[in-house]
Amino acid sequence: MIDNTPRKVKAYLAGVNLDDSNFDYYMTELANLAQAANMEVVGQSRQNLEHVVAGTYFGLGKINEIKDMAHGLKAEMLVLNDELSPVQIRNLEKMTKLRVIDRTELILEIFSSRARTKQAKLQVQLAQLEYELPRLHPSENNLDQQRGGGFANRGAGESKLELNRRTIGKQITIIKKELSAISGQEEIKAKRRNQTHIPKVALVGYTNAGKSTTMNGLLEEFSKENDEKQVFVKDMLFATLDTSVRRIELSNNFSFILSDTVGFISKLPHNLIESFKATLQEVKDADLLINIVDSSDSNMIQMIRTTQNVLSEIGVKDVPMITAYNKADKTDRNYPQIVGSGILYSATDSESIKLLAQLITKRVFASYRKVNLVVPLADGKALANLHEYAQIILEEYKTDGVHVTARLAPEKRAQFHQYIV
Ligand SMILES: Nc1nc2c(ncn2[C@@H]2O[C@H](COP(=O)(O)OP(=O)(O)OP(=O)(O)O)[C@@H](O)[C@H]2O)c(=O)[nH]1
Ligand SMILES: [Mg+2]
């Protein structure tokens, strides 16, 4: 039998701790990232410092110690917990005789291997090229040869050798143009959605927390349409890179737009966030965010904080948020239940999904008010509009018009104020 599973690259992890109380957590994340990039983590070290060493990141003694440890464990690669300068990487490679990659390159590599759609591929390529641009230096060409691309699927980096700065610059321009054409089309769709006044709810949160599973749960429970609408779910970091937008139709004529998008992790490279702006637009436009959290993970608090940090980095402020503590089935707590203004639930449990939908309804339709209207029989358009956007409670055809009792959003109350009695 042929074994098709790619061989795992043995990696040694290391980082400088600048007295950061989250350091252990970042190293745990780094190990998860390395595994997601098909590496086998064989060991790790840290150095406590007040500042990183400008030219080499670690101090000399530590570098020798890492070199001995890593070679002793047959590591082929040294993975570092921060984004390093090109000089630091070059020096460390020379001194340790290991291929060195930093946290940013590692994250970019994972995104690159996950990208499926044209937009995602271009966004990742753009971030990779922007990462490489300042790292391309005439004196580094030799280094590229030394580095030899031992790392799987180099993606945008595969032809790095031939690419000089200018061609990279040109490529960046072309990709940006292509991306703006794609996001132009997306914007038109988004505008159409924004005009409808249907509330927009976005699922956000740490990668692998269960955002896509939650979306599928809501679709299964509340969408009349078929399975094609289901989104991709997998137990891995960054399964989702593209935004999916669906309409959820609750009973009583309430509906909202739900979007599922890329997950977050600490120290997401700035370039990557920048190039995923179009994908994250749905989050910025949302009326309500559901912050999905894996409640069975011991690092839950840091994960919540990570999501808050990324949200503020992409400029999301003042959007109301519900915290949804998922995967309760993996804990010993009773679920579903309301906790504070949030919910403890399991995305694969139907009762949980119903309670989550109730909570969303309460929040997004809070500004809806019950009104009585008399719509003239001649104004069929208004009636059709009400049918689409209001929760109709009662409707009677009388000689003076259609008497309607309905719950309406503030904009709709303003639009039909002349018919409100
Ligand atoms: N036990 C349990 N597993 C769950 C639950 N929700 C999701 N999962 C699992 O968690 C893994 C990740 O779920 P996804 O829905 O893909 O997570 P995501 O937040 O969309 O992740 P990314 O798109 O990778 O950021 C999958 O293996 C799911 O089956 C849950 O309530 N209970
Ligand atoms: Mg997902």
Side-chain angles (χ1 to χ4, degrees), residues 29 32-38 106-117 119-120 123-124 201-221 227 229-246 258-269 272-273 276 279-280 282-283 289-300 302-304 306-311 314 321-337 339 342-357 359:
E29 275 190 336
N32 291 336
L33 285 165
Q35 272 151 17
N38 199 37
L106 180 59
I107 293 177
L108 290 172
E109 198 65 48
I110 298 168
F111 269 67
S112 168
S113 69
R114 303 283 196 252
R116 291 285 169 270
T117 64
Q119 188 183 22
Q123 284 170 323
V124 179
V201 179
L203 302 169
V204 295
Y206 200 83
T207 182
N208 214 39
K211 298 176 292 300
S212 301
T213 310
T214 300
M215 179 171 224
N216 286 344
L218 285 162
L219 283 168
E220 211 163 285
E221 205 67 47
D227 293 347
K229 294 205 141 192
Q230 296 266 313
V231 295
F232 179 61
V233 164
K234 199 168 175 189
D235 187 14
M236 67 180 188
L237 302 186
F238 307 114
T240 304
L241 290 194
D242 299 282
T243 300
S244 300
V245 182
R246 304 284 188 268
L258 183 69
S259 62
D260 172 37
T261 193
V262 60
F264 303 148
I265 203 158
S266 311
K267 306 192 204 182
L268 260 184
L272 201 61
I273 293 181
F276 269 73
T279 295
L280 290 164
E282 218 54 47
V283 173
L289 299 178
I290 316 285
N291 181 2
I292 312 271
V293 180
D294 180 348
S295 66
S296 71
D297 196 299
S298 56
N299 290 311
M300 181 180 86
Q302 278 110 324
M303 290 168 162
I304 295 176
T306 299
T307 299
Q308 281 162 345
N309 290 343
V310 180
L311 287 175
I314 59 175
M321 186 154 90
I322 292 175
T323 306
Y325 301 90
N326 188 26
K327 306 196 187 180
D329 55 306
K330 290 170 83 177
T331 71
D332 53 12
R333 298 179 65 188
N334 283 335
Y335 68 93
Q337 61 163 308
V339 272
I343 178 175
L344 177 71
Y345 78 114
S346 165
T348 49
D349 164 52
S350 162
E351 287 313 306
S352 290
I353 291 295
K354 284 182 195 148
L355 188 63
L356 176 65
L359 194 61

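Order of appearance sets the numbers: ligands from 1, and atoms from 1 within every ligand.
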Nearest heavy atoms of [X] and [Y], plus distance in Å:
X      : Y      : answer
Asp294 : Ala209 : N-CB, 4.0 Å
Ile265 : Ile107 : CG2-CD1, 4.1 Å
Ser295 : Tyr325 : CB-CB, 3.8 Å
Ala347 : Asn326 : N-OD1, 2.9 Å
Ser296 : Lys327 : CB-O, 4.0 Å

Inset, instruction - Would you check the N or O atoms of Ala209, main chain and side chain alike, for any that come under 3.5 Å of an N or O of ligand 1? - result: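 There is such a contact, yes.
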
[atom] - nearest protein heavy atom and its distance:
atom                    : value
atom 24 (O) of ligand 1 : Ala239 N, 2.7 Å
atom 14 (P) of ligand 1 : Thr213 OG1, 3.5 Å
atom 27 (O) of ligand 1 : Asp235 CB, 3.1 Å
atom 17 (O) of ligand 1 : Gly210 N, 3.1 Å
atom 25 (O) of ligand 1 : Thr207 OG1, 3.0 Å
atom 23 (O) of ligand 1 : Thr240 OG1, 2.8 Å
atom 8 (N) of ligand 1  : Lys327 CE, 3.7 Å

Side chain, backbone, both or neither: the part of [X] lying under 4.0 Å from ligand 1 by heavy atom:
X      : result
Asp329 : side chain
Phe238 : backbone
Lys330 : side chain

Legend entry - N/O donor-acceptor pair under 3.5 Å between Asn208 side chain and Leu237 backbone: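 Not confirmed, Asn208 side chain does not pair with Leu237 backbone.
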
Inset, instruction - Would you confirm whether Arg246, through its side chain, and Leu219, through its main-chain N or O, come within 3.5 Å as a donor-acceptor pair? - result: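 Answer holds: no.
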
Nearest option to [atom], as decided by whichever heavy atom of [options] sits closest:
atom                    : options                        : value
atom 6 (N) of ligand 1  : Asn326, Thr331, Thr348         : Asn326
atom 31 (O) of ligand 1 : Ala328, Ser346, Gly205, Gly263 : Ser346
atom 29 (O) of ligand 1 : Asn216, Val231, Val233         : Val233

Ligand-residue contact atoms, ligand 1 with [X], heavy atoms, under 4.0 Å:
X      : value
Met236 : 24 (O)
Ser212 : 15 (O), 18 (P), 20 (O)
Asn208 : 11 (C), 12 (C), 17 (O), 18 (P), 19 (O), 21 (O), 22 (P), 24 (O), 25 (O)

Inset, instruction - Using non-hydrogen atoms of the residue, decide whether Met215 is closer than 4.0 angstrom to ligand 1. - result: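 It does not; every heavy atom stays at 4.0 Å or beyond.
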
Legend entry - the Mg ion (ligand 2) contact by Ser212, N, O or S atom under 2.8 Å: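 It does; at least one qualifying atom falls short of 2.8 Å.
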
Inset, instruction - Check whether any N, O or S atom of Thr240 sits under 2.8 Å from the Mg ion (ligand 2). - result: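 So Thr240 does bind the Mg ion (ligand 2) by this criterion.
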
Inset, instruction - Please lay out, stage by stage, how Phe264 and Asn309 fare under the test side-chain contact (heavy atoms from CB on, under 4.5 Å). - result: CA-CA 10 Å; Phe264 303 148; Asn309 290 343; over 6 Å; no

Legend entry - side-chain hydrogen bond (donor to acceptor under 3.5 Å, both in side chains) partner of Thr348, the single match among Ser346, Ser350, Ser352: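 Testing each of Ser346, Ser350, Ser352 against Thr348, the sole residue satisfying side-chain hydrogen bond (donor to acceptor under 3.5 Å, both in side chains) is Ser346.
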
Inset, instruction - Show the numbers, then the answer: is there a side-chain hydrogen bond (donor to acceptor under 3.5 Å, both in side chains) between Thr240 and Ser212? - result: CA-CA 8 Å; Thr240 304; Ser212 301; 2.9 Å; yes

Inset, instruction - Test side-chain contact (heavy atoms from CB on, under 4.5 Å) on Leu241 and Phe111 and set out the steps. - result: CA-CA 8 Å; Leu241 290 194; Phe111 269 67; 3.5 Å; yes

Inset, instruction - Classify the side-chain pair Thr243/Thr279 by whether it contains a donor and acceptor separated by less than 3.5 Å. - result: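 Absent: no donor and acceptor within the cut-off.
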
